[in-house]
Structures are given as C-alpha cells and as structure tokens.
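Presented below is the structure to which this report refers.
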Amino acid sequence: EGGGFARHVLGRKEAADAVRLRVMRAEHFVLFADASFGADDLFTFALAVARRDVPVRILTSASGMMAPNPLGATVGVALSAELRNLASVQGLNTIEVRVAAEDDADTHCLIVDDNVWTLTTTFREFGERRGLMVRLPDPDPVRHQLLALWDRATPLDQWLPDVSGREES
C-alpha cells in the first residue's frame with residue numbers, strides 16, 4: 001500500500017495529501033502520535049478519515065500541549081476547544097486525545113489499521129522541512145508500544161484541569 005516503504009515529499013500540500021491519503025483509507029483504527037499535535041493538525045489530518053465508524057486517536061505530550069498557541073491560549077486548550085466544537089457536528093468520527101508523559105511521547109508516527117508509518121518531522125512540519133514518511137516493514141512492535149503508551153496516557157480533558165490546578169498552586 002502507498003507505493004513502497006518510503007515516500008519522498010516535495011512540499012507542504014503534497015506532504016499533507018500523502019498523510020491524508022493513508023488516513024482516508026482507514027477501515028478500523030487511526031492513531032496519530034506526535035508530541036506537538038495541535039488544532040491545525042486536527043483539521044489538516046484527523047478529519048480526513050472517510051469511514052465515519054473509524055475512531056481517531058491522537059497521542060501527544062505535556063510539553064506540546066503546554067506550548068503557546070498563536071491565539072493566546074496553550075496548544076492543549078485550543079485543541080480541547082476545537083474538539084468540543086466538533087463534538088456537536090453530526091457524522092464526524094469519534095476523536096480522542098491523550099497526553100503522555102514526556103519521556104514516552106517523543107515520536108512522530110501514524111497508525112492506520114495494521115500499518116505504521118514514522119515521520120522524521122512533526123505532522124505540522126512535514127513538507128516544510130526535509131523529511132521522510134516511512135512505512136515500517138514490521139509494524140507490530142511499534143504499534144504495540146504506542147498502544148501501550150496510549151493506555152498509560154491521560155485524556156486531554158482530565159489532564160488540562162490537573163495542569164491548571166498545579167499552575168495555580
């Protein structure tokens with residue numbers, strides 16, 4: 001699938017299209033693992049799933065969610081707000097975001113069903129900087145590791161109040 005293991009991408013639009021093409025074909029499951037996945041990535045990539053019964057999971061990191069957002073909030077607050085807005089739209093996939101501990105979340109991977117691709121940049125930077133998207137020939141070890149990390153991670157809406165409480169102390 002996807003014309004081989006590695007894909008050379010020239011620019012931002014072609015890079016986004018390459019990711020969206022893989023996501024669009026999902027039949028059972030999609031997981032984005034990116035320490036700095038934000039609201040713009042949500043619209044660029046996560047909403048590309050064609051089948052509405054396919055759940056979309058986003059695994060990110062605390063530092064990525066605490067980074068400033070151009071609109072003044074943090075990336076995590078902006079992402080949470082967009083997810084709440086999308087929750088009212090009928091016919092969209094279920095989208096769930098979890099925040100992993102720092103040491104575990106420094107990866108840029110895409111899982112679509114039984115396939116795993118790794119990116120050499122964040123999803124946001126893919127196509128803006130030199131990078132590769134490579135389909136792993138043996139995806140099982142990475143898929144199992146990412147799913148285990150998902151299981152240990154905290155849902156974004158639980159993580160945000162916990163972080164706010166610690167910042168106010």
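Any value given below was found using the heavy atoms of this structure, including those in side chains, with hydrogens, waters and symmetry copies removed. The shown structure was predicted, so the numbers you read here are calculated from the model rather than taken from an experiment.
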Quick one: does any side-chain atom of Asn69 pair with a main-chain N or O of Ala78 as donor and acceptor, under 3.5 Å? no
Is there a side-chain contact between Arg98 and Trp159, using heavy atoms and a 4.5 Å cut-off? no
Among side-chain atoms of Ser80 and Asp157, is any donor-acceptor pair under 3.5 angstrom? yes
Exercise: identify the closest heavy-atom pair between Gln158 and Thr154: CB-CG2, 4.0 Å
Do other residues, nucleotides or ligands put more than 12 heavy atoms under 6.0 Å from the CD atom of Gln145? no
Is it true that a side-chain atom of Thr74 and a backbone atom of Met66 form a donor plus acceptor pair closer than 3.5 Å? no
For the side chain of Arg143 and the backbone of Asp114, is there at least one donor-acceptor N/O pair under 3.5 Å apart? yes
Return the CG to CG distance between Leu42 and Leu83, rounded to the nearest 0.5 Å. 5.5 Å
From CA spacing to verdict: side-chain contact (heavy atoms from CB on, under 4.5 Å), Phe29, Arg57: CA-CA 8 Å; Phe29 172 75; Arg57 294 178 175 174; 3.5 Å; yes
When every non-hydrogen atom of Ala33 is compared with those of Leu146, the smallest separation belongs to CB-CD2, 4.0 Å
Is a side-chain donor or acceptor of Arg135 paired with a backbone partner of Trp117 at a separation under 3.5 angstrom? no
To the nearest 0.5 Å, atom CG of Leu147 lies from atom CG of Leu31 at 6.5 Å
Which pair of non-hydrogen atoms, one from Leu156 and one from Gly76, has the smallest distance, and what is that distance? CD2-O, 3.9 Å
Treating Thr118 as the side-chain partner and Val134 as the backbone partner, does any N or O pair qualify as donor plus acceptor under 3.5 Å? no
Validation row: Ile111, Val142 side chains within 4.5 angstrom (heavy atoms): no
Heavy atoms of Gly64 and Val75 approach each other most closely as O-CB, 3.3 Å
Interatomic distance, Thr44 atom OG1 to Arg124 atom CZ [nearest 0.5 angstrom]: 9.0 Å
Evaluate the side-chain proximity of Thr60 to Asp34: yes if any heavy-atom separation is below 4.5 Å, no if none is. no
Please evaluate residues Leu136 and Asn115 with respect to the criterion side-chain contact (heavy atoms from CB on, under 4.5 Å), reporting the C-alpha separation (whole Å), side-chain torsions for both, the decisive distance (0.1 Å), and the verdict. CA-CA 7 Å; Leu136 302 181; Asn115 293 297; over 6 Å; no
Do Glu82 and Phe43 have side-chain heavy atoms sitting under 4.5 Å apart? yes
Under the 3.5 angstrom rule, does the side chain of Thr120 hit a backbone N or O of Leu132 as a donor-acceptor pair? yes
Honestly curious: do Leu92 and Leu79 fall in one hydrophobic cluster under the side-chain, below-4.5 Å linking rule? yes
Determine yes or no for a side-chain-to-main-chain donor-acceptor pair under 3.5 angstrom, with Asp113 supplying the side chain and Ala26 the backbone. no
If the condition is ring pair (Phe, Tyr, Trp, His ring centres under 6.0 Å), which residues does Phe45 pass it with, not counting sequence neighbours? Phe123
Quick one: are Val56 and Phe32 in side-chain contact, heavy atoms under 4.5 Å? yes
If I compare all heavy atoms of Thr121 with all of Glu125, which pair ends up nearest, and what's the gap? OG1-C, 3.8 Å
Are Met133 and Arg22 close enough that some pair of their side-chain heavy atoms sits under 4.5 Å apart? yes
Test side-chain hydrogen bond (donor to acceptor under 3.5 Å, both in side chains) applied to Asp53 - qualifying residues, sequence neighbours left out: Arg51
Examine distances only and state if a side-chain atom of Arg20 and a backbone atom of Ala48 form a donor-acceptor pair shorter than 3.5 Å. no
Side-chain heavy atoms of Phe37 within contact of His108, under 4.5 Å: no
Side-chain heavy-atom pair Leu110, Val30 within 4.5 angstrom cut-off: yes
